[in-house]
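First comes the structure, then the notes that go with it.
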There are 4 protein chains.
Amino acid sequence: MEQQMYDPIDTASRILRAAEKLFAEQGFKETTMRQITTEAQVNLAAVNYHFGSKSGLIHAVAEHTLEPLCADIEQALASQGHKHNVALEPLLNILASALIRIHRGNSYALSVLMRCLEQAYRSNQSELQAFLLQSYGKRLNVFLHHLRAGSGVTDEREFFWRLHFLLGSIVFTLSNLHALVALDTPGGEAAAEIEPVLKRLVPVITAGMQAPVQPGVI
Amino acid sequence: MEQQMYDPIDTASRILRAAEKLFAEQGFKETTMRQITTEAQVNLAAVNYHFGSKSGLIHAVAEHTLEPLCADIEQALASQGHKHNVALEPLLNILASALIRIHRGNSYALSVLMRCLEQAYRSNQSELQAFLLQSYGKRLNVFLHHLRAGSGVTDEREFFWRLHFLLGSIVFTLSNLHALVALDTPGGEAAAEIEPVLKRLVPVITAGMQAPVQPGVI
Amino acid sequence: MEQQMYDPIDTASRILRAAEKLFAEQGFKETTMRQITTEAQVNLAAVNYHFGSKSGLIHAVAEHTLEPLCADIEQALASQGHKHNVALEPLLNILASALIRIHRGNSYALSVLMRCLEQAYRSNQSELQAFLLQSYGKRLNVFLHHLRAGSGVTDEREFFWRLHFLLGSIVFTLSNLHALVALDTPGGEAAAEIEPVLKRLVPVITAGMQAPVQPGVI
Amino acid sequence: MEQQMYDPIDTASRILRAAEKLFAEQGFKETTMRQITTEAQVNLAAVNYHFGSKSGLIHAVAEHTLEPLCADIEQALASQGHKHNVALEPLLNILASALIRIHRGNSYALSVLMRCLEQAYRSNQSELQAFLLQSYGKRLNVFLHHLRAGSGVTDEREFFWRLHFLLGSIVFTLSNLHALVALDTPGGEAAAEIEPVLKRLVPVITAGMQAPVQPGVI
DNA sequence: GATGAATGAGGCTTCATTCAT
DNA sequence: TATGAATGAAGCCTCATTCAT
């Protein structure tokens, strides 16, 4: 009759959630298959059955975060009508809102996202890079074009660098969110609320992006 | 009889240099002892003999970068006399100059430094954190106090967060310097010059730090 | 409702054909159940359902080749009337013709047969040996008796060894037919025609079998 | 003082001997690292330390047989003076004598050799093939040229096929020597003496090689 | 009949470390 | 001071099989 008395969530989902948690907390390389299968209460071979390999599992976890994130951003951009020039701060708020929504649905998603971004520039991670680029390159590029138009930075190279400076702020902050919140509220058992942090972050990024360009550089 | 006819640099130094290079390029965990000893042309057991363990080697490599960096910063601060309030941009230039000098002396030092900072907020890296805190906590705090005074940010928590936002910019940028420079100069074989990048970074950080504080947050 | 609109061949046959192909190309041990079920476009569990186990499948594949081969040889012998002494070369031609006919009906059959013969003398393959012996021992022995009578080799042990020497020629040649044909016709895309090879083989075997016996051996 | 009370043979040799035995008895693929290290009473990781991988161990085992075999044949050829035409039977006796000597020094060597030759024509064993070809291709070719000259077979393709027919006899016989000897002397505990078998084999091969060529084939 | 899911056993390899010399 | 050898733990992956449906 009823099927899984003791198994309300299916195995693949359990693996995915366990992997998300452990990848978020420890990183991809640092997390072992055994940790994942123990956490998920699943046989070690089940990962291979459902995801092919550890690498396949990483891809699935990445998709699980990036897919809804891209969709959220695209929807927000679309609702802005076809204005070709959205200002910087509204764009950053679109991003921040998307991040917040993702985070609400899945408290590990942002950490996973940040782990991906960390790897995205590592020379020895070409496989993950290729996957990310192929799956999400175009979609993220759309947002980047808006960002560049809204930034007011005319020089292409200056924009490139500022983009990564500020990407660094985001990645570093959200990657270490738990630790930073713990430092911020010593003694307190404060949950790692993302919203106030992003509220602090957006104006800093905006100001950084719009800082006057050093004359000698360009 | 005599030992190193062909060995002008001693074993420990060779290990240290090899480890620095590989840690910088690949990260601590990703680098194996065998890679290090192969690069250093040294016996596998020599690392444990000279440094006790891989962890000990990491500490030594960290010291090799952090010690001169702290000294450089302290000297620069001292030469400013005992003005208690140095402005933000001069402080950042002190930091940038120190980083540049370190980089000139040892092209892997900054990458190693960034690897350390990446780990400094990871919950599963308590051992490295304890080492860094004990060895350099006080010395770095001096600079942080200057920074806070110069930042103009009166609220302590706001300063805390902005500090880490901007630390993120630095860490992310310098960690991925090679990849970013490669993206910036496609086709070109540009050496990863750090100086122009820092020149771009300082005004962005300055502006970010001095952004108007969001009214609702505090 | 109706089951195989799109499935003109039934599952068991599809498995058998896929297994034949893969066993022929790769060997029994080297071929995995997953390869077989993928090739057959069949569920992984279907093999065990229809054949009980991998071992059972191997038996079925062996039968699929050996049964018609034995029947063919028996028929040819019967058509020779009840002459008790058929000469060696006609006997070998009976065998060659049988092999050729089998091959025409099923291009993987001979490779499978050779794989079986390879295993037939391996000490760790007692299960397959027992199966072959029980199923085909008597029938093949009939042919062997004819062969011995026709060989002209009077000494039983000498016949035993010569039989296996020449069996080796056949097994080795037909097992590696593809590779050998490829070496024989470099550049050419020659299909692995078995007939000309057997035409070359029969006289060699005949001569070998009828070589003068070394005086000292017996 | 004395070094290895319990370890008179060094680890690498013990591994090599154990691997030789098991490869000879079971084949390369069928033999597991664990069987080898158990037989050699050695840690599982020791194989990797000394030979790099299972594949590296297979290469070493192959070398251990092929090197002395080639050397033996070369020496025998050299002692024939510079006669450019040695007759077929003397050549086969050179080969047989070499095989016998190898076998005396190492009772598993011939089985290993035959395992190599079995794989030498398998399409999925390109790595082993490449190794064998590179290491011994030239040396074995010298012997093959003598063989061709001595065979009296003028047509190149006919020689190619006859060579492999007769190679098949050798490979099959020596591969299954234990089983065949057991069948030959039922009840007896006869050691697998190779010499009488080769004495029976040489005239058969000689006759086969010199069989009249089928008119229609060439 | 047939299947998707799951599993335990076992495969090879890699790692940091330690030991005896 | 230095080293070649050895090791136990752990890594990921693959296999044939079985189970519930």
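Note that the structure is a prediction, hence the values are computed from the model and not measured. Residue numbers start from 1 in every chain, and the chains themselves are labelled A, B, ... in the order their sequence lines are given, proteins ahead of strands.
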**Prompt:** To the nearest angstrom, how far is A:Asp10 atom CG from F:dT21 atom P?
**Reply:**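 Checked: the CG to P distance equals 15 Å.
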**Item:** Atom-to-atom span, CZ of B:Arg14 to P of F:dT1 - whole angstrom
**Value:** 15 Å
**Request:** Please confirm whether the backbone N or O of B:Gln119 pairs with a side-chain atom of B:Gln129, one donor and one acceptor, at under 3.5 Å?
**Result:** yes
**Request:** For DNA chain F, list all stems, counting runs of three or more consecutive pairs where every pair is Watson-Crick or G-U wobble with both distances under 3.5 Å.
**Result:**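 Counting only runs of 3 or more consecutive pairs, the stems involving DNA chain F are E:2-21 with F:2-21.
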**Nearest-nucleotide comparison on DNA chain E, the residue closer to the 5′ end among A:Ala12 and B:Asn43** = A:Ala12
**Asked** With under 30° as parallel and over 60° as perpendicular, where do the rings of D:Phe131 and D:His59 fit, or are they tilted in between?
**Response** parallel
**Asked** Going by distance alone, is a donor N or O of one side chain under 3.5 Å from an acceptor N or O of the other, for C:Asn106 and C:Glu20?
**Response**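 Checked: C:Asn106/C:Glu20 side chains pair up, N/O donor to acceptor below 3.5 Å.
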**Request:** Sort and list the pairs that fulfil salt bridge (Lys or Arg N to Asp or Glu O under 4.0 Å) and have at least one residue in residues 122-135 of chain A, not counting sequence neighbours.
**Result:** A:Arg122-B:Glu118
**Request:** Tell whether D:Tyr49 reaches the base of F:dA5 with its side chain through a donor-acceptor pair below 3.5 angstrom.
**Result:**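 Under the 3.5 Å cut-off, the side chain and the base do form a donor-acceptor pair.
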**Message:** Run the salt bridge (charged side-chain N to carboxylate O under 4.0 Å, His left out) test against B:Glu63 and tell me which residues pass, sequence neighbours left out.
**Reply:**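 With sequence neighbours excluded, B:Glu63 shows a salt bridge (charged side-chain N to carboxylate O under 4.0 Å, His left out) to no residue whatsoever.
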**Message:** Going by salt bridge (charged side-chain N to carboxylate O under 4.0 Å, His left out), name the residues that satisfy it together with B:Glu30, two or more places apart in sequence or in a different chain.
**Reply:** none
**Asked** F:dT1 phosphate, OP1 or OP2: any side-chain N/O from B:His50 under 4.0 angstrom?
**Response** no
**Message:** On the nucleotide F:dA2, are OP1 or OP2 found under 4.0 Å from the side-chain N or O atoms that B:Thr11 carries?
**Reply:** yes
**Message:** Test of understanding: with ring pair (Phe, Tyr, Trp, His ring centres under 6.0 Å), list the residues that count as partners of C:Tyr108, not counting sequence neighbours.
**Reply:** none
**Asked** How close do D:Leu44 and D:Thr37 get, heavy atom to heavy atom, and via which atoms?
**Response** CA-CG2, 3.6 Å
**Complete:** Under a 4.0 Å heavy-atom criterion, the protein footprint on nucleotides 11-16 of chain E, written with B, S and -, is SSBBBS
